[in-house]
*Asks:* 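What follows is a structure written as structure tokens; I'll ask about it next.
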Amino acid sequence: AQSVTQPDIHITVSEGASLELRCNYSYGATPYLFWYVQSPGQGLQLLLKYFSGDTLVQGIKGFEAEFKRSQSSFNLRKPSVHWSDAAEYFCAVGVGGYALNFGKGTSLLVTP
Amino acid sequence: KAGVTQTPRYLIKTRGQQVTLSCSPISGHRSVSWYQQTPGQGLQFLFEYFSETQRNKGNFPGRFSGRQFSNSRSEMNVSTLELGDSALYLCASSLASGNTEAFFGQGTRLTVV
């Protein structure tokens, strides 16, 4: 079955530390891949996307993600986290003209 | 350029009532998708409209319906509301149908009592 898995429900990091949020997908074909961020009470903001080409993609707010076909993964990274990065992060997958399929999300807490 | 606008932001309805939510996409975008977000089920796709036609539909009962107007604005209707319909309803707009870049509105928080 097609699925998107974000293994970590909650992650806590110290401000200034590096961050990696995991995302794995299960699809027959190479999908379109996205990371979104959601602050409390807000909609979703697109951080970055991968359609094809270079497997390391740069996004907004200093985020990057790497597509690894062999691992069916699209992990999100940031070298130095800021307190304002505390939010819910969603990985999403799309395949061939259908809707986005979202993971359950990872809640990021940033400590001083 | 204005973003995706959803109205109203908050709604409280009683079981059995119906509700209509509105979404105005980014200017020039012709595809509008709707998602339901709940703590238990996460983000689930409801349907997508492109050029006034429903292109895709998720696994929701017929009580959930939508439409799109010639100016690409979209409405979503839920009839015979149930407590379980309480959720954040998000609208997303894209230039075209399919998995292109989707921009989300701030959502409408529906509470059914």
Side-chain angles (χ1 to χ4, degrees), chain A residues 1-10 21 23-25 27-53 57-60 63 65 67 74 87-107, chain B residues 2-10 21 23-26 29 31-50 53-60 64 66 87-111:
Chain A
Q2 299 176 338
S3 65
V4 183
T5 303
Q6 293 181 246
D8 305 303
I9 298 174
H10 300 284
L21 302 182
C23 174
N24 294 95
Y25 63 89
Y27 281 84
T30 299
Y32 301 133
L33 298 160
F34 307 84
W35 275 99
Y36 284 87
V37 62
Q38 184 178 36
S39 298
Q42 301 298 312
L44 301 173
Q45 182 181 24
L46 179 66
L47 286 174
L48 46 77
K49 61 186 183 290
Y50 173 78
F51 288 173
S52 65
V57 294
Q58 302 296 321
I60 62 171
F63 286 93
F67 169 60
F74 188 56
E88 187 92 14
Y89 291 80
F90 293 93
C91 178
V93 170
V95 179
Y98 199 58
L100 292 174
N101 189 5
F102 285 88
K104 294 294 188 184
T106 297
S107 178
Chain B
V4 180
T5 303
Q6 291 189 244
T7 57
R9 288 293 310 278
Y10 302 92
L21 313 181
C23 173
S24 293
I26 293 171
H29 285 197
S31 170
V32 173
S33 299
W34 290 89
Y35 291 81
Q36 181 195 64
Q37 185 178 25
T38 59
Q41 298 299 316
L43 282 150
Q44 293 185 288
F45 171 74
L46 282 156
F47 28 66
E48 181 207 3
Y49 286 86
F50 179 76
T53 302
Q54 187 180 87
R55 298 291 293 266
N56 296 293
K57 189 176 189 304
N59 188 26
F60 278 81
F64 291 81
L88 181 66
Y89 290 88
L90 292 164
C91 165
S93 81
S94 302
L95 275 171
S97 182
N99 298 304
T100 55
E101 193 169 338
F103 296 87
F104 283 79
Q106 292 192 300
T108 294
R109 172 73 63 184
L110 172 65
T111 302

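Lettering of chains follows the sequences in order, A, B, ..., and the numbering in each one begins at 1.
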*Asks:* Check whether A:Q38 gets within reach of chain B through its side chain, its backbone, both or neither, counting any heavy atom under 4.5 Å.
*Replies:* side chain
*Asks:* Once you measure the plane-to-plane angle for A:F102 and B:Y35, does it fall in the parallel (<30°), tilted (30-60°) or perpendicular (>60°) bin?
*Replies:* perpendicular
*Asks:* Relative to chain A, which of B:Q37, B:R9, B:Q6, B:R109 shows the most heavy atom pairs under 4.5 Å?
*Replies:* B:Q37
*Asks:* Going by ring pair (Phe, Tyr, Trp, His ring centres under 6.0 Å), A:F34 matches just one of A:Y50, A:F90, A:F51, A:F74. Which one?
*Replies:* A:F51
*Asks:* For A:L44, is it the side chain, the backbone, both, or neither that has a heavy atom closer than 4.5 Å to a heavy atom of chain B?
*Replies:* both
*Asks:* Would B:Y89 and B:F64 satisfy side chain to side chain contact (heavy atoms under 4.5 Å, CB included), going step by step from the backbone distance to the final call?
*Replies:* CA-CA 12 Å; B:Y89 290 88; B:F64 291 81; 3.6 Å; yes
*Asks:* Does A:D8 offer a backbone N or O that forms a donor-acceptor pair with the side chain of A:T106 under 3.5 Å?
*Replies:* yes
